[in-house]
Amino acid sequence: NSTTHNMTNVYSADKPSSGWTRHAVAIGSQRGATVILEAELGSGTFGHMAIDDVVFHNCALFESVPGTCNFEHGSCGYKEFIVNDDFNWQLQQGPTPSYYTGPDADHTYGNASGHYYYTEASAPRVNGDVATLNSPWFVSQDSQCIFPLFCHMKLGSGDTDTELVV
C-alpha cells in the first residue's frame, strides 16, 4: 500500500512507546498535494494507532481549514479514503469503547474531554488491513514545509509489523 506513494514511516512496532510522542515529516515544496496517514495492522491481537495536534508548518492550505488542528471542533477537513481501505479512522472523545484499543485521553488536553483520531484494531481486523485518512489539499512553495503530529500506539502481544506511514 505505502509503496505507491512517497511516504515516511513515522511509527512502527519496532519503535513503540507509551504515551503520545511527537513526530515530524518533511514535505518540502508541493504544487498541490494531500498528506496521507496510512495505518497498517500487524500480527498482534489488540492495539491501536491514534493521532492528535496535527500542523502544516510553512505550508498553505487550499481549503478554508486551519493549518493547525487538535480535532476539538471536528475533522478540520481530514477525510476517510475509501478506495483500497479496509477499515476506518474514527474521531473519538475520551477512552475508546473496547479494551486496549486507544489512549485514555487526547494529547491536547490530556483528559477525557479532548478529541483525537484513532484506528480500532480489534476483530474483525486482520494482519495487513489498512485505514487511510487524507489531510486537506495544500500547496507549498517553501522547501521547509513540514507536517508535525502527535502519535499514540499500543501494540498487542506478538505484534512485530504494525506501522503508521505518512
Side-chain angles (χ1 to χ4, degrees), residues 7-27 33-42 44-82 85 87-123 125 129-138 140 144-157 159 162-166:
M7 301 182 84
T8 302
N9 184 323
V10 296
Y11 219 34
S12 65
D14 65 347
K15 52 183 176 183
S17 66
S18 59
W20 291 97
T21 57
R22 184 181 186 275
H23 301 271
V25 177
I27 296 173
T34 183
V35 170
I36 300 169
L37 296 126
E38 185 177 272
E40 184 169 349
L41 294 183
T45 54
F46 294 101
H48 77 273
M49 279 179 257
I51 60 165
D52 199 3
D53 297 325
V54 296
V55 179
F56 282 96
H57 184 69
N58 294 330
C59 310
L61 300 179
F62 282 139
E63 300 175 19
S64 59
V65 295
T68 300
C69 183
N70 59 17
F71 304 115
E72 299 308 323
H73 303 288
S75 70
C76 301
Y78 286 75
K79 298 176 184 165
E80 276 290 319
F81 186 73
I82 54 175
D85 191 61
F87 67 113
N88 297 323
W89 285 89
Q90 300 174 51
L91 189 58
Q92 179 69 26
Q93 180 180 19
T96 56
S98 55
Y99 176 72
Y100 207 73
T101 59
D104 295 326
D106 79 328
H107 176 264
T108 308
Y109 298 134
N111 62 41
S113 70
H115 295 80
Y116 57 92
Y117 263 105
Y118 87 107
T119 59
E120 172 66 64
S122 298
R125 302 285 59 91
D129 278 359
V130 173
T132 305
L133 187 67
N134 289 2
S135 76
W137 282 93
F138 70 94
S140 173
Q144 300 300 310
C145 175
I146 61 170
F147 183 73
L149 71 160
F150 281 86
C151 300
H152 193 284
M153 179 188 270
K154 283 185 183 174
L155 300 174
S157 174
D159 193 336
T162 294
E163 64 182 357
L164 174 64
V165 292
V166 177

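What you are looking at is a predicted structure, and each value in this text was computed from that prediction instead of being measured. All residue numbers in this chain count up from 1 along the given sequence.
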When you compare the side chain of [Y] with that of [X], does any pair of heavy atoms fall below 4.5 Å?
X    : Y    : value
I36  : T132 : yes
Y116 : T96  : yes
T21  : H23  : yes
V35  : V54  : no
H152 : D52  : no

Can you tell me how far the [atom1] atom of [X] sits from the [atom2] atom of [Y], to the nearest 0.5 Å?
X    : Y    : atom1 : atom2 : value
H115 : S75  : NE2   : OG    : 11.5 Å
Q90  : Y117 : CD    : OH    : 10.0 Å
L37  : C151 : CG    : SG    : 8.0 Å
W89  : Y118 : CH2   : OH    : 11.5 Å

Give me the atom names and distance for the closest heavy-atom approach of [X] to [Y].
X    : Y    : result
P136 : C76  : CG-O, 3.4 Å
F150 : D53  : CD1-CB, 3.8 Å
S113 : E72  : O-OE1, 3.9 Å
A26  : I146 : CA-CG2, 4.0 Å
N88  : E80  : OD1-OE1, 3.2 Å

Output yes when a side-chain donor or acceptor of W20 lies under 3.5 Å from a complementary backbone atom of A105, and no otherwise.
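Yes: the side chain of W20 pairs with the backbone of A105.
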
Classify the angle between the aromatic ring planes of Y78 and F71 as parallel (below 30°), tilted (30 to 60°) or perpendicular (above 60°).
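Judged by the thresholds at 30° and 60°, the geometry between Y78 and F71 is perpendicular.
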
Kindly write out the residues that satisfy side-chain hydrogen bond (donor to acceptor under 3.5 Å, both in side chains) with N70, not counting sequence neighbours, or none if the list is empty.
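Residues passing side-chain hydrogen bond (donor to acceptor under 3.5 Å, both in side chains) with N70: none at all.
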
With Q93, which residues qualify under side-chain hydrogen bond (donor to acceptor under 3.5 Å, both in side chains), at least two apart?
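So Q93 forms no side-chain hydrogen bond (donor to acceptor under 3.5 Å, both in side chains) with any residue.
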
